[in-house]
Each structure stands twice: as C-alpha cells, then as structure tokens.
2 protein chains.
Amino acid sequence: MSDGAQFRQVSPVRLYQRIVEQIEQAIVRGDLKPGQRLPSERELVTQFGASRPTVREALRVLESDGLVRSRPGDPNGPEILPFSPAGLTKQMTRLVQFDNVSMAELISFRMILDGSASSLAARLRSEEELSVMERTIAVMADAIEAGYEEFGKADVAFHEAVAVAGRNSLIQVCNQVVRGAVLALISDKVAHAHNSATLMRESLRHHQEVLEAIRAGDGLAAARISRRKLYEYYAGYVPENERGPLLALVDDEES
Amino acid sequence: MSDGAQFRQVSPVRLYQRIVEQIEQAIVRGDLKPGQRLPSERELVTQFGASRPTVREALRVLESDGLVRSRPGDPNGPEILPFSPAGLTKQMTRLVQFDNVSMAELISFRMILDGSASSLAARLRSEEELSVMERTIAVMADAIEAGYEEFGKADVAFHEAVAVAGRNSLIQVCNQVVRGAVLALISDKVAHAHNSATLMRESLRHHQEVLEAIRAGDGLAAARISRRKLYEYYAGYVPENERGPLLALVDDEES
DNA sequence: TGAGCTTACTGGTCAGGCCAGTCATAGCGG
DNA sequence: CCGCTATGACTGGCCTGACCAGTAAGCTCA
C-alpha cells in the first residue's frame, strides 16, 4: 500500500538525546523510582560510552525537565525526582507570555476548569471528600485575620479538594497551573488589594455557596456559582471590552 | 514587618542556567524574534564569558524546551523557533504516563474542553467563523473515501475552528495536547478500528449536529452534543467501572 | 566514646582539539 | 559574459584531560 511507502522527515539524533531517551524511559517504565540515584557522571560516561560533556548535556536536559536533580559533591549521584507539574507550569507560563494569551483568556479558562470541577464534584463526591472541603473552608474562615498569605493557601486547598472529588487530576493540575500564571501576571497588584478582610469574607461566602451546591449534588448550580465567583473576583483585571467571553460563561446555564 | 524578613530557600545557580535565563528572557521580551539567529557557540562563549561546554549545556536546554534549534554547519548560528505547544504536549504526555492518569480522566478532560469550546463558540461565533466550520465539515464529508488519515485532519480542523470561535487559545492548545495524548495511548488500536466508513459517517453526523447547535447559538446543546459524541466515540477504550465520571458529564445538563 | 582531620569521591567549569558538515566565494572553463 | 566547481573559512558535535570547590565517609587521636 502506498501509505506504507511514505517517508518521514529525518533529523539527526544527537548522542545526548539518546542518553536522555534511555534515562527517561527507564524512569517512565519504573526501573528508576523517585528517590533512587543515578550513577555518577563519570560512571555514566563508561556506561553510555560517551564523553562527560555529552553525558552532562543529557543530565542538564533531564534536570530542566524536572526529572532529576544534581547536587555538587553528592556521593550518591543525581537523584530521580518525583513527578511534579512544575514543568507543565513552566510551559504554560511560556505559552501565556509568548502567544500573548490575554488575561481574559486565562480567567475564562479558570472559570471553565473550576466550574467543571465543581460540577463533577457535586455529582461524584463522597462524604469524606465533603468533610475535607468543609474543613478547608473552616480554615479559610480562621485565616481571615491571619492575612492573605494564609487565606490564599486555604483557598487553594479548597479548590484542590474540589478537584480531587471531581476525580480528575488533569483539571487539578491545569487549574493549579493557570492559577499560577494568573498570579504571576498580577502578583504585585494582588498582594495588597486582596489583603482586605472584606474581600476575604466575601470570597469565603462564595466558597460556602459552592460547597452548598456540591453538598446538594446540584452540579449546574455548583458550576454556575464557581464561574460567577471567579468572574467577580477577577473581572477588575480584565479590560472592559474583553469581558464578553467571560460573561458568556457566567450566563451559560441560564439562557 | 516580619513577612519581609522571611528567607527563601536558596539553591546554587549554575552558569548554564544564567545563560538560559538571559536568552529566554531576550526571546520573551521580543528582542529575539522567531527566525532570527543566535551568535555561533564560539561567539556566545566570548559574549557570556563561559566555556563552550557550558554554553552548549544552555543551548541543549533551550533546544529541549523548543525555543531554539541548532543545525550542524549552519553558518548563521542557532535559530530562534516560533512558539509551539510541543513542549506542553511533551509535559502533558509525561504527566499522563507518570502520574498514571487514566484514559478515563483524559477523555473526561477532552469532553470538558470540547464541550466548553462548543458552548463558547455557540455564543460568540461570527458568520465567517461559522462558514469556516461548514467548510471543514464539507472536507470531512469528502474525506470519508480518502481514509482515516485525511478524515482525521479535517476532524482536527473542525475542532480548531470551534476553539477559535470560542475565543480561547488555551482551550485550543490544551485540547490539541490532550487529543495527542489520547492518540499516543491508543494509536495502534485506533488506526484500523476507525478506518471504517460507517464510523466516519457517524462521526460526521455528530459534527453536523454540533455545528447546528452552534449556528443556532444554543450553547447548552452544543456542549451536550460535543460531550456525548466524544463519550460514544471513546467509551470503548475505558474500562466499564471507570465510566461513571464520563457519564456524569454526558448527563450534565439534563438533570 | 567522641571530636576533628584526611581522603576519596562528587559535580561545576575550563581549555584546547579533532571531525564532518555547510556555505559563500573565488576561480575556473565554457 | 555566465555557469560550474573547488576551496577554505566557518558551523556544530564530540572528545580528552585537567582543575576546583564542595561533600561525606572513614580514620585517627585525645
């Protein structure tokens, strides 16, 4: 068949890439588990039959991908790291900076993710998960006096709990990433503006409403409240003429 | 204030990282635009005051991040690449393989993204965008005889058009990434299974229904149909006892 | 037994070199 | 005059060997 005779573009594979692939696959396969150590650079040199600079290039790439970490003088060699979405966050942040993704799109995306997570949580949550959410909200209430630092942490914990109850770690990770990206863009403005007991109390109330909807198993309401809450919270950072898509999400279930 | 006196953990910054940062920021700032060239390695050595292995480590990291590309013998030096979500895809794929994200979660996420995109598109689409979608559907219809290869391309094009009309490039990119991850997991099974005119015709009909809902401006219907379509298409790849969360999404707007 | 020193490692960095490839250009033949 | 080819000055890919500043384990000595 002619399909099988098609040729793909080739690109020369560098030595260091082969090394990266081997180590990467060993980690993915589970042959190398987090916490375990790689042989020392000089030992890898003999195992791979490449020179030290080449081995080091591979290690630098793996390190930049968040798979391993080298520490000078460590006699045990580079450490295999547990998975972390940090790499995803980095790429996502890059996407935002590069492709000039607007604040509006970012928040729109958060509304979608958070709304979906709440909706799923409303349908799938167990009793224990519900009580975890209640506890995080209690922490939020206590943290109002402690300042935005503490409050923010509890806020994040609540959203994590919702995402967990929604049975979807992708939403969890993406939401985390997008939240990070949003904060990176408005970090200076937000630090003081949100350090207000009034705002925090309002935010707390919104969270409580979401929790109520989740408890009631009302996915639509949970999603709607989540989205509206986010819109009210962040709309101020979006130019007025770009708020259309956001409002479309707020109205989503009502028309 | 005591907040200001808090110390953060420090980690020794390697030389190559400083180089990566500088080049990275130059790209982000726009000082270096895609297509432009970096100085040669030996020139960078003098500019950064580092040795060639160090400069090369930095270049390898940038290359692995998809920011630049080095070609042997190229007298113009490494090329600045246009942004591509390939890095995101790589990280997302890693997330899937590592954190053992299940097929169910992947598809659940696609249903959310695609549904949201359709819903947004229904509310925000312009007439031109509508006609673009119509054209891609026409291409799909024509491609049924040409085999799944062509059909798949047109399929992707339709979803792209919807995402564009939804005014959210994040959805676009994420959807693309997740679709890639799904295909990577089931590529072998899907190649022949989907190469069936019956399946393609059914898929085409589903797409037409989505388009109708978008044309009518009915966001809810567009989202519901999108999700249902994806569920029917992919449910076979998900173990039965994991389909609960997916069904929760299908029923989402009906209860 | 415990505190301090020695030593054998580790990774970080450098200098310099060889090779194969690419490309522009100079010089050739037409 | 034009087109082709050969040359040479580059490029990146890779290697060798070396030095340094750390770490940590083991040894010595009080």
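Excluded from the calculations below are hydrogen atoms, water molecules and symmetry mates; all remaining heavy atoms, backbone and side chain alike, are included.
Across dC14(D), dG11(C), dC14(C), the shortest atom-to-atom separation from the side chain of A50(B) is found for dC14(C). Side-chain proximity of P78(A) to the nucleotides dG11(C), dG13(D), dA24(D) is greatest for dG11(C). Proximity note for P53(B) (side chain, C-beta onward) versus dG12(C), dG12(D), dA15(C): the nearest is dA15(C). Nearest to the side chain of S70(B), among dG13(D), dG11(C), dC23(C), sits dG13(D). Of the candidate nucleotides dC15(D), dG12(C), dG11(C), dG12(C) has the atom nearest to the side chain of R60(A). Closest to the side chain of E41(B), out of dA18(D), dC14(D), dG12(D), is dG12(D).
Atom CG in D74(B) sits roughly 11 Å away from atom C1' in dG21(C) (whole-Å rounding). Distance, Q17(A) CD to dG12(D) P: 16 Å, rounded to whole Å. Taking atom CZ on R69(B) and atom P on dT11(D), their separation rounds to 18 Å, with Å as the unit. If you take CZ of R14(A) and C1' of dT11(D), they are 13 Å apart, rounded to a whole angstrom. Summarising the geometry, the separation between CZ on R56(A) and C1' on dC14(D) is reported as 15 Å, rounded to the nearest angstrom. Rounded to whole Å, atom P of dG13(D) lies 14 Å from atom CD1 of I19(A). Between the CZ atom of R18(B) and the C1' atom of dG12(C) there is a distance of 14 Å, rounded to whole Å. The nearest whole Å value for the distance from the CD atom in E79(A) to the C1' atom in dG11(C) is 15 Å.
A close approach under 4.0 Å does not occur between any side-chain nitrogen or oxygen of S40(A) and OP1 or OP2 of dC9(C). At the phosphate of dA24(D), OP1 or OP2 sits under 4.0 Å from a side-chain N or O atom of R71(A).
Counting heavy atoms from C-beta on, the side chains of V182(B) and M103(B) come closer than 4.5 Å.
As judged by a 4.0 angstrom heavy-atom cut-off over every strand, L15(A) is placed among residues touching the sugar-phosphate backbone only.
One finds a salt bridge joining R167(A) and E129(A) here, because a Lys/Arg side-chain nitrogen approaches an Asp/Glu carboxylate oxygen to under 4.0 Å.
Nearest-nucleotide assignment on DNA chain D puts the 5′-proximal partner with R52(B), out of N76(A) and R52(B). Heavy-atom distances to DNA chain C give each of R42(B) and V45(B) a nearest nucleotide, and the one nearer the 5′ end belongs to V45(B).
Looking only at atom types and distance, the side chain of S169(B) has a donor-acceptor partner in the side chain of E105(A) under 3.5 Å away. There is a side-chain donor-acceptor pair under 3.5 Å between Q47(A) and E43(A).
Other residues, nucleotides and ligands contribute at most 12 non-hydrogen atoms within 6.0 Å of the CZ atom of R18(B).
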